[in-house]
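Beneath this line is the structure, given in structure tokens, with notes to follow.
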Amino acid sequence: MKRVFSGVKPTGHLTLGNYLGAMRQWAAEDQHRADALFCIVDLHALTIDHDPARVRRLSRQAATLLLASGLDPQVCTVFVQSHVDEHARLSYLLECVATDGEMRRMIQYREKAAREQRRGGSVRLSLLTYPVLMAADILAYGTDEVPVGDDQTQHVELTRDLAVRFNQRYGQAFVVPRATHPKVAARVMNLQDPRSKMGKSDDAGPGIVYVLDEPDVVRRKVMRAMTDSGRDVVYDRESRPGVANLLEILAACTGGNPEALGGVYESYGDLKRDTAEAVIEMLRPVQLRHKELCADPGYVEGVLRDGAERARGMARPTVDAAYRAIGLLPAAAESGAPVLKAAR
Ligand code: AMP
Ligand code: TRP
């Protein structure tokens, strides 16, 4: 059976972009077709200015929402990254394989670092090394496939490069993974700025639909979405990004095709109305289940405890083997641990 791994950062409330680009496929498909792990990657939330209490709260909320969106702990493994030491352990080894130059080329690093510097803030070193930690998340589990939104493609490419390089230098330690993306809505755009991604943000962002937004709030945000000059409804990402985004969201919610849907609508108003209602209907059961789960925090905690234990059991042998392969002496207690046939 294939191994699938993916993660979500507790840096803000989860958005429609997270849901359509990632979580929905995890629940509907990935957990059933593979041996799948889904991780709340809390260490990654510390790469930017953070408030400890908020990270704790958002981590709990993300776990609850993953379960509400349909991840079944009987079928897949749901856990919190910091509960499994192997991620940080492996990250360090991979830092010894990655180069400074390739880290500085990461688009997300460049964008986020530039934004931080414009604000006069400082850039945490962990923001630079973050894709290495992500590679460790993936490689520790012998992952074959990484279901993510479009924005993570470059990070998964880096993960592949590091796996291949490590294997060539020190012996076959890692499976080389590949990214998979949803067919529609792999990049949901901000409703007020359809040329940039709908990302989690600190404010109530009028262009961001959150998974937990009330129906009225969803309706208001979608009805006020920025559309393009021109009046006919056509699907063209380049010249009509606002309309294309709405068509993609509608298509993703209803199982349709964005181009075909373009021909159905006479006006932007009708398109917005139907899109809003489709989003509301799609989110309704998730919100309901979220409310039920919030009433039972002990259950969620138990799921995370079991998940971490299972994850630890899977990651430990892979990471131990990589430690041996790269030349680190086993501690006496583990001297019986299997040693890789490493290249000399
Ligand atoms: P993050 O919020 O960065 O932790 O992302 C968690 C998952 O959601 C990743 O697989 C992202 O690629 C995906 N994702 C985040 N924002 C979007 C978006 N606007 N459109 C599609 N996928 C997204
Ligand atoms: N970097 C990813 C994001 O911002 C989150 C992430 C961390 C992840 N580790 C991962 C995704 C491993 C997939 C696999 O969305």
Side-chain angles (χ1 to χ4, degrees), residues 3-27 30 36-48 55 58-59 61-63 65-66 69 79-82 84 86-88 90-91 94 106-109 111-112 126-127 129-160 162-163 177-202 205 207-211 241 245 248-249 252 311 315:
R3 178 65 57 83
V4 159
F5 183 99
S6 201
V8 59
K9 284 193 306 264
T11 44
H13 297 284
L14 298 184
T15 70
L16 182 64
N18 293 128
Y19 188 74
L20 291 178
M23 293 156 63
R24 189 170 67 152
Q25 275 63 237
W26 300 351
D30 299 319
L37 297 106
F38 300 102
C39 186
I40 293 91
V41 287
D42 53 350
L43 298 173
H44 290 275
L46 312 184
T47 55
I48 50 171
V55 170
L58 289 172
S59 297
Q61 193 194 67
L65 267 178
L66 289 188
S69 73
F79 72 106
V80 174
Q81 185 187 29
S82 66
V84 179
E86 269 51 45
H87 296 245
L90 180 55
S91 185
L94 297 177
M106 293 290 124
I107 297 164
Q108 239 181 38
Y109 168 73
E111 286 176 359
K112 286 190 183 172
S126 54
L127 186 68
T129 55
Y130 150 110
V132 180
L133 178 58
M134 174 164 165
D137 300 339
I138 296 168
L139 298 181
Y141 296 93
T143 304
D144 300 290
E145 289 180 12
V146 189
V148 282
D150 254 3
D151 60 322
Q152 296 302 315
T153 307
Q154 195 187 28
H155 293 157
V156 180
E157 282 303 310
L158 173 84
T159 304
R160 291 169 60 86
L162 297 182
R178 68 182 187 92
T180 60
H181 305 290
K183 286 185 259 330
V184 192
R187 184 178 289 258
V188 178
M189 308 309 267
N190 188 301
L191 297 177
Q192 289 301 321
D193 176 11
R195 293 203 186 270
S196 54
K197 185 184 84 164
M198 183 186 285
K200 314 190 201 85
S201 134
D202 291 345
I208 306 168
V209 174
Y210 294 99
V211 176
N245 192 34
E248 286 207 16
I249 293 172

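Please read these numbers as outputs of a predicted model, since none were measured by experiment. For ligands, and for the atoms within them, numbers begin at 1 and follow the listed sequence.
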Evaluate Gln152 for polar contact with ligand 2, using N/O atom pairs at a separation under 3.5 Å.
yes
Ligand 2 to Gln108 polar contact by distance, N or O atoms, under 3.5 Å
no
At less than 4.0 angstrom from any non-hydrogen atom of [X], what atoms of ligand 2 do you find?
X      : value
His44  : 7 (C), 9 (N)
Val146 : 13 (C), 14 (C)
Phe5   : 12 (C), 14 (C)
Lys9   : 3 (C), 4 (O)

Is it the case that Asp42 and Ser82 place a side-chain donor and acceptor less than 3.5 Å from each other?
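Side chains of Asp42 and Ser82: pair found under 3.5 Å.
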Going by atom types only, do Tyr141 and His87 share a side-chain donor-acceptor pair under 3.5 Å?
yes
Distance dump, ligand 1 polar atoms to protein, N/O, under 3.5 Å:
residue: ligand 1; atom: 2 (O); partner: Asn18; partner atom: ND2; Å: 2.9
residue: ligand 1; atom: 2 (O); partner: Lys200; partner atom: NZ; Å: 2.4
residue: ligand 1; atom: 3 (O); partner: Lys9; partner atom: NZ; Å: 3.2
residue: ligand 1; atom: 4 (O); partner: Lys9; partner atom: N; Å: 2.8
residue: ligand 1; atom: 4 (O); partner: Lys200; partner atom: NZ; Å: 3.3
residue: ligand 1; atom: 5 (O); partner: Asn18; partner atom: ND2; Å: 3.3
residue: ligand 1; atom: 8 (O); partner: Asn18; partner atom: ND2; Å: 3.1
residue: ligand 1; atom: 10 (O); partner: Gly149; partner atom: N; Å: 3.2
residue: ligand 1; atom: 12 (O); partner: Gly149; partner atom: N; Å: 2.8
residue: ligand 1; atom: 12 (O); partner: Asp151; partner atom: OD1; Å: 2.5
residue: ligand 1; atom: 19 (N); partner: Val188; partner atom: O; Å: 2.8
residue: ligand 1; atom: 19 (N); partner: Met198; partner atom: O; Å: 2.9
residue: ligand 1; atom: 20 (N); partner: Val188; partner atom: N; Å: 2.8
residue: ligand 1; atom: 22 (N); partner: Gly17; partner atom: O; Å: 3.2

Residue portion contacting ligand 2 (non-hydrogen atoms closer than 4.0 Å) for Asp151
neither
With backbone taken as N, CA, C and O and side chain as the heavy atoms from C-beta onward, which portion of Leu133 lies under 4.0 Å from ligand 2: side chain, backbone, both, or neither?
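For Leu133, no heavy atom sits under 4.0 Å from ligand 2.
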Atom 9 (N) of ligand 2 [closest protein heavy-atom partner, distance rounded to 0.1 Å]
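Ranking protein heavy atoms by distance from atom 9 (N) of ligand 2, first comes Asp137 OD2, 2.7 Å.
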When you measure from atom 1 (N) of ligand 2 to every protein heavy atom, which one gives the shortest distance, and what is it?
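Going by distance alone, atom 1 (N) of ligand 2 is nearest to Tyr130 OH, 2.4 Å.
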